[in-house]
Amino acid sequence: MTPNTPTVHLVDDDVSFLTATARLIRASGFVVLTFTSAADLLAVVSIGARGCVVADLHMPHMDGLGLQEALAKSSNPLPVLFLSGQGDIPTSVRAMRGGAEDFLEKRADKVELLEAVRRCLARDVREHAKREQRETSTNLLARLTDREREVLGHVVRGQLNKQIASDLGIGERTVKLHRTAITTKLGVPSVAELTRLVDLADAFPDLTEHFP
Amino acid sequence: MIAAACLTLGMMHLLVWCRQRDAVGSLLFSISAAAVAAMAASELWIMLARTADEYGTALRWGHVSVWVMMVFMVWFVRVYLRAGRAWLAWTVCVLRTIALAVNFIVSPNINYREITGIRHIPFLGDQIAIAEGIPNPWMLVGQVSLLLMILFTADAAWTVWRRGNRGPAIRVAGSMAVFLFLGAGHSALVFWGVIQAPLTPSLFYLGTIAGMAYELSDEVLRAAKVSRDLLESERRIELASDAAGLGLWVWDFGSNLIWATPRCRAFFGFGPQEPITYPDFLARVHPDDRDTTAEAISASIHGGRYEGEYRLAQTSAEERWISATGRVECNDAGFPRRMHGVCREITDRRRSQQEAALLRREVAHVGRVSMMGQLASALAHELNQPLGAILRNAEAAELFLMEPTPDLVEIRAIVADILKDDRRAGAVIDRMRSLMKREEIESRPIDTGDLLEEVARLVRGDAMARRIKLELDVDAGVPQVVGDRVHIQQVLLNLILNGMDSINGNMDGERKVSLRAGAQGDGVVGITVKDSGQGISEEKLAGVFEPFYTTKSNGMGMGLPISRTIIEAHGGKLWAENNPEGGASFHFTLNALRSGNK
């Protein structure tokens, strides 16, 4: 078991419940780590940790929602599944809005619980992959000069070289030269793929807004 | 006749002296009276004398009673009137004694050198004897002593008059002087042959006796009046105390008897004449109160004051309470002699106190129950923890048992945990039940940190639902407190919920309730519930603990008064302050557990 094995990180100040839930989840084939406070969890979750967090809502010092906030701000925002002994609507709504994967009662059905855990872990795989891709893409695009970036922006908007040249006030030949440089640096020939790269990197966030 | 009168008076005062030995005046008087009576007898003897010798002998023996009368009269003036010069008194007595001695040495007697014959003259219808003879110059000794006695009594009269006692001055000393003068004068005239008359000095001396008797009986009358006044005063005190519902009692340690007014007797069920001893009294005290009462009384016998309340031994269905106070009186040597006291029935007062206490408990109970509604959800949460753990454990065990070789160690651990959690759930329910029960306030040691954490757990859900941060700050070395866990938690819950209600409207500001506990020196622990709400307006700050003060439409307004009653019953104080940064703080104190306590 390496630190990067998808692990269920269980946190609850009630030791009895923590132990019991850990037993069940382990027996169902998952890797589990237990913590009795949110602070303990945050201290241990390193940047490479994979998996999810199953947290009690009502804890002293930092409660479940506080933990959720801290994780979201961190560089490794693991998905959170909440377990609560007292489900009130306002709190559950806040939790979901904060990005929780699910919000269950502590006495919820076993099947439901394990399902939610699976979903959480899968979500982590997805989101982690997405983050990695984004990082890679951003690194790639960083190779471009400012001008090249500008041109790229117009290219993925679907503009022809002529239009780009007139928008930027440069010659068409210059545009073609930039496009060659872009292709060479990024190693991506087609516009479609360029678009996908830009999307992954989320390089031009206001792109969609310009759709007339 | 004279003799009879004197003897009667004499006997009376002899009796007085017998009954009261320090009335020496009465003794001296009675002897003097007897002397005058004897004198009268001698006179009769003289009057009936048939021969000169008889006359002489009778006269001689007559002098004995004269001596007795004079000496004792002088002594009476000295003792009773406390007047008259001592040297005069002694001179009189000495002279008279000499005269008496001479009287018996010389023949026939001190008055006549020789009695030549007797004559008979008519007197009051009878024939009586008169002597004829030669006067004896030795007579002068006796007569000088009489003169000096007159001077003595006159001087005494003057002294007493100057003292301000005009009555006794005239009645006793004055009359004595006058009648002595008359009597002595008359006798002298007879002896010196100036007049021919029977010797009747007793007639005159009867006057002095009468004067003394009058004075002495005046004393007796005065004493009678004083005793009547005393009786009257006593009756007034009894009436007054009876009207006030008080029973008076006096316990004489010497005789161990207790005197009590009729009302006092009525309280205890003693008859009007029944003698009461201390054990009798104790027997009428309720058996449960007997020991404390006896101890308190014993302690007070040397301390001086007694105060106590006790029940009467039950004769009817009702309980009756008596309040008694007493004070000890010591004799000159400092030895306790008597205890005087007062007792009163306070059954009504006690009953009212008991009813009030009952009502208070009822109200506290109602307050607790109404708060319970708000905590139902919190307790449901508390139950969900152990129940959830049991469920998960059982499910895990199920999975383990499905394996080809189940890990029995693990399964045993699971079963143990399930049992523990079941017990935990039971405890939660018991706690909920005890919150509903009407318990008296117990005094137990309580861990302050645990107490606050438990309460925080109860309200955490509510706080989170309202998006209020609940903060706990317990000093590291805070001592344990002494009190009733359930009641103090009730107070804390009340204060916290109030704080949260105060924050409710505050959408923008800080939303925080903090609990603080710390030692405050003097064996006291201080606990504070501080909120970031709206605070309490200055004019309402004092009234916030009054019953029915509430800002909530569905509030009862009893939470704070009840909380204050609970804290005060623990010997602490509860008060409120506004925070400078906004919101209010409610502080209360509890007694810390002193090390070495049981």
Side-chain angles (χ1 to χ4, degrees), chain A residues 8 10 12-30 32 34 36-37 54-69 82-95 97-98 103-114 117, chain B residues 375-403 406-407 410-411 413-425 428 452-454 456-474 515:
Chain A
V8 178
L10 206 48
D12 193 324
D13 65 315
D14 188 309
V15 173
S16 184
F17 184 80
L18 185 68
T19 318
T21 312
R23 272 195 192 116
L24 177 63
I25 300 181
R26 244 181 235 128
S28 310
F30 298 97
V32 178
T34 58
T36 50
S37 77
V54 177
D56 177 24
L57 208 46
H58 305 283
M59 292 187 289
H61 306 299
M62 185 188 278
D63 61 23
L65 293 176
L67 173 61
Q68 183 186 43
E69 238 181 275
F82 281 116
L83 295 180
S84 167
Q86 191 186 5
D88 70 285
I89 295 175
T91 315
S92 59
V93 165
R94 278 169 65 201
R97 283 227 195 97
F103 188 104
L104 295 175
E105 296 228 339
K106 280 189 174 174
R107 293 199 292 130
D109 193 63
K110 170 179 84 173
V111 170
E112 237 189 290
L113 172 68
L114 295 171
V117 168
Chain B
L375 299 177
S377 60
L379 285 167
H381 171 220
E382 273 226 64
L383 278 177
N384 271 334
Q385 302 274 67
L387 286 179
I390 291 172
L391 180 61
R392 299 276 95 105
N393 268 324
E395 288 165 341
E398 233 180 8
L399 289 174
F400 285 140
L401 286 169
M402 286 197 289
E403 289 176 20
D407 183 351
E410 188 70 27
I411 289 175
I414 288 175
V415 169
D417 279 352
I418 288 176
L419 289 171
K420 202 164 64 177
D421 278 318
D422 185 86
R423 264 177 248 129
R424 189 156 61 121
V428 169
L452 262 64
E453 271 172 28
E454 202 174 307
R457 260 210 307 281
L458 284 174
V459 288
R460 208 171 282 141
D462 211 0
M464 179 165 288
R466 302 205 223 186
R467 301 176 66 178
I468 295 174
K469 184 160 160 34
L470 191 63
E471 201 177 70
L472 211 59
D473 178 16
V474 177
L515 304 180

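Just so it is clear, the model here is predicted, and its values are computed rather than measured. Below, read A as the first sequence line, B as the second, and so on, with proteins coming before strands; counting in each chain starts at 1.
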Study note, to complete from the structure: dist B:N384:CG -> A:D14:CG (nearest 0.5 Å) comes out at 11.0 Å
Study note, to complete from the structure: With chain A, the option among B:E410, B:K420, B:E398, B:R424 that has the most non-hydrogen atom pairs under 4.5 Å is B:R424
Review point. Where on B:L387 is there a heavy atom nearer than 4.5 Å to chain A: the side chain, the backbone, both, or neither?
Key: both
Check your understanding: Can you name the closest pair of heavy atoms from A:A27 and B:L399 and give their distance?
Key -> CB-CD1, 3.9 Å
Exercise for review: Can you establish whether the number of heavy atoms outside A:K110 located under 6.0 Å from its atom NZ is more than 12?
Suggested key: yes
Check your understanding: Does any non-hydrogen side-chain atom of A:K106 lie less than 4.5 Å from one of B:Q385?
Key -> yes
Practice item. Using non-hydrogen atoms and a 4.5 Å limit, figure out which bit of A:L83 sits close to chain B: side chain, backbone, both or neither. Key: neither
Revision key, fill the gap. Minimal heavy-atom distance between B:A389 and A:A20, with the atoms involved, is O-CB, 3.3 Å
Check your understanding: Atom CG in A:D63, atom CG in B:L470: separation rounded to 0.5 Å?
Key -> 10.5 Å
Check your understanding: Pick from A:R26, A:E105, A:R107: which one has the most heavy-atom pairs with chain B under 4.5 Å?
Key -> A:R107
Check your understanding: Is it the backbone or the side chain of A:S84 that comes under 4.5 Å from a heavy atom of chain B, or both, or neither?
Key -> neither
Check your understanding: Rounded to the nearest 0.5 Å, how far does CZ of A:F17 lie from CG of B:D417?
Key -> 13.0 Å
**Study point:** Heavy-atom contact with chain A under 4.5 Å, split by part of B:A413
**Key:** both
Study note, to complete from the structure: Separation between CG (A:L114) and CD (B:E395), nearest 0.5 Å, reads 8.0 Å
Point to revise | Part of B:I414 lying under 4.5 Å from any heavy atom of chain A | key: both
**Study point:** Under 4.5 Å from any heavy atom of chain B - which part of A:T21
**Key:** both
Practice item. Could you tell me the separation between the CZ atom of B:R392 and the CD1 atom of A:I25, rounded to the nearest 0.5 Å? Key: 8.0 Å
Check your understanding: If you count heavy-atom pairs under 4.5 Å with chain A, which of B:E471, B:R467, B:M402 comes out on top?
Key -> B:R467
